[in-house]
Amino acid sequence: MPNPIPEDSVGIVTPKSQHFSKPLELECGKTLSEYDIAYETYGELNANGSNAILICHALSGDQHAAGYHSSEDRKAGWWESSIGPGKPIDTHRFYVVSLNNLGGCKGSTGPNTKIPGTDKYWGPDFPIVTVKDWVNSQHRLMQELDITHWCAVIGGSLGGMQVLQWSIDFPDLIKHALVIAAAPKLSAQNIAFNEVARQAIQADPDFHNGHYLENNSIPRRGLMLARMLGHITYLSDDSMRDKFGRELREGKLSFGFDVDFQVESYLRHQGKSFVDRFDANSYLLMTKTLDYFDPASECKHDLSVAVSPSTAKFMVISFTSDWRFAPERSREIVKALLDAGKQVSYVEVKADQGHDAFLIPIPHYMNVFHGYMNNVYEDIL
Amino acid sequence: MRADLAIIAEWIKTGTSILDLGCGDGTLLKHLRDNQQVNGIGLEINEQDIESCINEKLNIIQSDLNEGLQAYFSDCCFDYVIMSQTLQATKNPEILIEEMLRVGQQGIVTFPNMAHWRGRLQLALGGFMPVTKSLPNHWYNTPNIHLCTVRDFEALCRERGIRILERTVVDYTHSRSTLLMRFFPNLFGEVAIYRICRADQINNPTEN
């Protein structure tokens, strides 16, 4: 943690957890008899309870969106760029709730937690949860926290999909929906990448059909490969060229199969560090959740019909060099919202950082984000 | 507010829906929302203008006009589609006008009149491409790639089966047409303002 703590950081935050004993029925037909949700909050709920914001995390995100867990913590939460005093999601103004989704691996019930009443890990037997299930579980947490409505639900990537689902499933409980770097459903190419990632994990001899925890092993190579592949899709060709070019690590070619280029070294590092912080079964599950997301499928594949229940105002943001969820995919969302007669603004931010741009404080993006959040705040006054 | 915008605002009925193409900082949209309960949305490409629109709580789509209409809007989803001082800077005005009248019941177009006497004088006597208040750029740095005159525009409308519902011309010092402008619009009008619809359009709810 930087010392002193920057003024625009929420500083030290305490992880919280909520136990739920009321069973949660899932879309797959199974039921979670009881479960826990790990979450964090930043800022204070105001007297009339009108300033609550829900943050939805992406594939490899978690509840730790901002601040530091201790003074030894090296890295801040994943959306430190946008959450904190004076930042777009201003914690002096808003009460921010960020949670770890079910099936995750950071404290919420998921594959790396134990099946209630047993000493066995869920592992591969944890039911496949969908974005709709997540939204339902987030709604349960909302009730526990005595929050009557969200003045905004905000998320990027898979998080943006949850925002869209919120606006459809609980239209009366959400005033503003910020859908960032998202898509209305995955393309065949997106699913293909996810499948290769899953194959990499499942083909690892240490995977043990998902029962690796009982076998005291971790499918390191598989999860690392999956992350390396994923990471390539989060960057753009240009940003990789700018960052690494064809720079050599040792200054000369090795004429072997070890690391020659900086980009190889970087990817290996990304993959390795991911293994230490993420669970392979969770990764499998979350990629499936992504693949399954398609709210229009229940409405004869007409997204404008799917979003018709929404009453929220929408802010949709995409990034020009994002090829994982390209601007075209955001435009589909915008078109559907316009066809359904919704209030919507759309900004396509010039950025060369690829999909990851949504985490980076690019000036135009931040100005738009800030401006929009000012409006959200004025609406609650 | 700019003279042409003030006239557009007068033409637009209370409580209608509009799309403003190239809406700039949203002056017109804001005026119409605050004074005439108009439900509007803007299309704009300039980052600063977009930020201004968002700060004013206006609905805005960041998009190039040439593709935006096709990409986002279904047939007849607005009462009016407005394009003020932008037509002459678009790649394909002909298609854009058609698109305006596909998406809206009516179109409102304003453009600098190339045949204004000041420009004519500069070209006829000086032999230079006109540089005037309404056309401040030189030929080599102008965004205005499709300039036209009042007569040109009306000829295109005739050819394309577009009905002119209303026309007025103004200059930068008067927000009203003077007598000269009314009798000789192509000579004395600096800015031309048209309200148009498709000639085959029937049951036009916004028709006066």
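Proteins get letters first, then strands, A, B, ... in listed order; numbering begins at 1 in each. Computed from a predicted model, the values in this text were never measured in an experiment. As a basis for the values below, the full set of heavy atoms in this structure was taken, side chains included, without hydrogen atoms, waters or symmetry mates.
The backbone N or O of Glu47(B) lies less than 3.5 Å from no partner atom in the side chain of Gln62(B), so there is not a single donor-acceptor pair.
Here CD1 of Ile82(B) is found 12.5 Å from CG of Leu43(B). Values are rounded to the nearest 0.5 Å. With values rounded to the nearest 0.5 angstrom, Met373(A) atom CE is found 11.5 Å from Met315(A) atom CE. Atom-to-atom distance recorded for Thr110(B):OG1 and Arg195(B):CZ is 15.0 Å, nearest 0.5 angstrom. Note: Gln122(B) CD to Leu135(B) CG = 9.5 Å, rounded to the nearest 0.5 Å.
With a threshold of 4.5 angstrom between heavy atoms, Ile41(B) approaches chain A through side-chain atoms but not through N, CA, C or O. For Ile50(B), the part sitting under 4.5 Å from any heavy atom of chain A is the side chain, from C-beta outward, and nothing else. Contact annotation for Asn374(A): neither backbone nor side-chain heavy atoms come within less than 4.5 Å of a heavy atom of chain B.
Counting heavy-atom pairs closer than 4.5 Å to chain A, the top-ranked of the candidates Glu56(B), Glu44(B), Glu51(B) is Glu51(B). Looking only at heavy-atom pairs under 4.5 Å with chain B, the residue among Asp339(A), Val316(A), Leu337(A) that has the most is Asp339(A). Taking His364(A), Lys335(A), Glu348(A) one by one and counting their heavy-atom pairs under 4.5 Å with chain B, the maximum is reached by His364(A).
Heavy atoms from other residues, nucleotides or ligands lying under 6.0 Å from CD of Glu328(A) number more than 12.
Aromatic ring pairs are classed by plane angle as parallel below 30°, tilted from 30° to 60° and perpendicular above 60°; the pair Tyr194(B) and Phe153(B) is tilted. Classification of the Trp323(A)-Phe193(A) ring pair by plane angle, with boundaries at 30° and 60°, yields perpendicular. Below 30°, between 30° and 60°, or above 60°: for Phe170(A) and Trp166(A) the angle between ring planes is between 30° and 60°, a tilted geometry.
Close approach to chain A, defined as a heavy atom under 4.5 Å from one of its heavy atoms, is seen in no residue of residues 154-161 of chain B.
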